[in-house]
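Notes to accompany the following structure.
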Amino acid sequence: MRAAVMQGLHMPLAIETVPDPTPEAGDVVVKVGRCGICGSDLHMTEDPAYGQGAGSILGHEFAGEIVATGKGVEGLKSGDLVSVIPLKSCGHCHACRTGAVQWCETFGLQGGGYAEYALTRPNQCVRLPASASLADGAIVEPVAVALHGVDLGRLTIGDKVLVLGAGPIGLAVAFWARRFGAGRVVVQDLSEWQRDRALQMGAHDFVVDPSDPVGSAERALGGKADVVFECVGVPGLIAQAVDQVRNDGTIVLLGLCTRPDTFNSFAMLSKQAKLVTSAFFTRQEYEAALDALDRGAVEPRLLVTDTIGLAATPGVFESLRKRTDQCKVLINPGE
Ligand SMILES: [Zn+2]
Ligand SMILES: [Zn+2]
């Protein structure tokens with residue numbers, strides 16, 4: 001099969017012919033229909049903290065068709081369309097049984113979506129409902145990440161919500177926050193690229209004012225935020241969020257930052273701000289995100305700005321290292 005293969009840190013991906021995956025007992029092979037390019041995929045090729053190197057096939061946001069099943073697989077057959085939960089899990093430990101698949105004893109990250117075929121396990125497959133497309137199946141993951149964060153933010157109806165960062169996760173947070181009954185949702189970014197998309201997805205306002213991030217957000221919200229969602233992952237933004245949250249408010253950390261960060265704990269304690277971190281999602285949240293798409297939520301689909309073939313993937317992947325007007329780019333490996 002053809003795949004976009006990692007050549008090493010700080011090197012472009014290359015299209016290679018690699019062996020087709022063959023299913024061991026309990027495995028399934030998915031013919032990848034759509035796979036999203038995620039900001040963390042870009043980070044994986046830049047930062048050794050992610051543990052990826054030459055030969056890795058990235059891609060954890062994918063959906064497709066089951067084309068082969070290993071011995072002992074029940075409940076799935078060739079032809080079934082599934083979205084793949086990219087959290088490797090055993091399916092039967094206590095964590096898995098309760099849906100908290102991110103805490104499975106055998107936890108690992110699933111990749112492999114930048115290829116024509118990918119190997120996974122049946123317990124990671126969620127069947128696509130009839131009205132959900134393969135593209136829907138590929139965007140479920142970031143939408144579920146955002147849902148998990150918004151759930152942990154414990155929004156109260158009418159809350160003022162500030163979202164830092166207008167990437168796919170930030171925009172999906174704006175979508176869910178509005179659905180959860182937030183009274184005012186403001187997205188803050190350093191560029192105007194995603195203004196229209198943010199407003200279409202549920203934000204009431206969009207602010208860009210690097211010279212006065214705290215004041216500009218406060219004016220747009222009509223006060224300090226009840227909940228701030230940090231969806232960037234750059235040092236300094238927790239400190240900024242501390243200035244932007246109200247007394248006794250909540251900061252939810254969704255942005256992945258692998259560098260040390262500092263903030264003034266006195267400032268944070270003085271207002272009793274709660275700092276909550278949000279990692280991955282539960283199976284129930286993944287299914288709820290897919291259900292929202294199935295039931296006709298159009299906003300998450302606005303995240304997709306382009307669909308490309310495998311051959312174009314290395315070039316487009318490089319172009320996404322600097323910010324552009326792209327939001328979520330999907331790969332169609334069969335194209
Ligand atoms: Zn992702
Ligand atoms: Zn498990």
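Read the numbers this way: they start at 1 and go in the same order the structure lists the ligands and their atoms. Heads up: numbering here begins at 1 and tracks the sequence.
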Which atom pairs, one a donor and one an acceptor, fall under 3.5 Å between side chains of residues 294-304 and the rest of the protein, sequence neighbours left out?
from: Asp294; atom 1: OD1; to: Ser131; atom 2: OG; distance (Å): 2.2
from: Arg301; atom 1: NE; to: Asp136; atom 2: OD1; distance (Å): 2.8
from: Arg301; atom 1: NE; to: Asp136; atom 2: OD2; distance (Å): 3.4
from: Arg301; atom 1: NH2; to: Asp136; atom 2: OD2; distance (Å): 2.7
from: Arg301; atom 1: NH2; to: Leu293; atom 2: O; distance (Å): 3.2

Pair Glu218 + Lys224: basic N to acidic O under 4.0 Å: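 Judged by the 4.0 Å cut-off on N to carboxylate O distance, Glu218 and Lys224 do form a salt bridge.
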
For Asp80, side-chain hydrogen bond (donor to acceptor under 3.5 Å, both in side chains) partners two or more places apart: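 Asp80: side-chain hydrogen bond (donor to acceptor under 3.5 Å, both in side chains) contacts with Lys77, Arg127.
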
Set of side-chain hydrogen bond (donor to acceptor under 3.5 Å, both in side chains) partners for Ser216, sequence neighbours left out: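 Scan of Ser216 (side-chain hydrogen bond (donor to acceptor under 3.5 Å, both in side chains), adjacent residues dropped) gives Gln188.
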
Under 3.5 Å side-chain donor-acceptor pair for [X] and [Y]:
X	Y	value
Gln124	Arg121	no
Thr45	Tyr50	no
Gln110	Thr120	yes

Listed protein N/O/S atoms, distance to the Zn ion (ligand 1) under 2.8 Å: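 You should have found Cys38 SG, His60 NE2, Glu61 OE2.
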
The Zn ion (ligand 2) contact by Cys104, N, O or S atom under 2.8 Å: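 An N, O or S atom of Cys104 is closer than 2.8 Å to the Zn ion (ligand 2), so yes.
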
Residue Cys90, metal the Zn ion (ligand 2), N/O/S under 2.8 Å: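 Of the N, O and S atoms in Cys90, at least one lies under 2.8 Å from the Zn ion (ligand 2), which means yes.
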
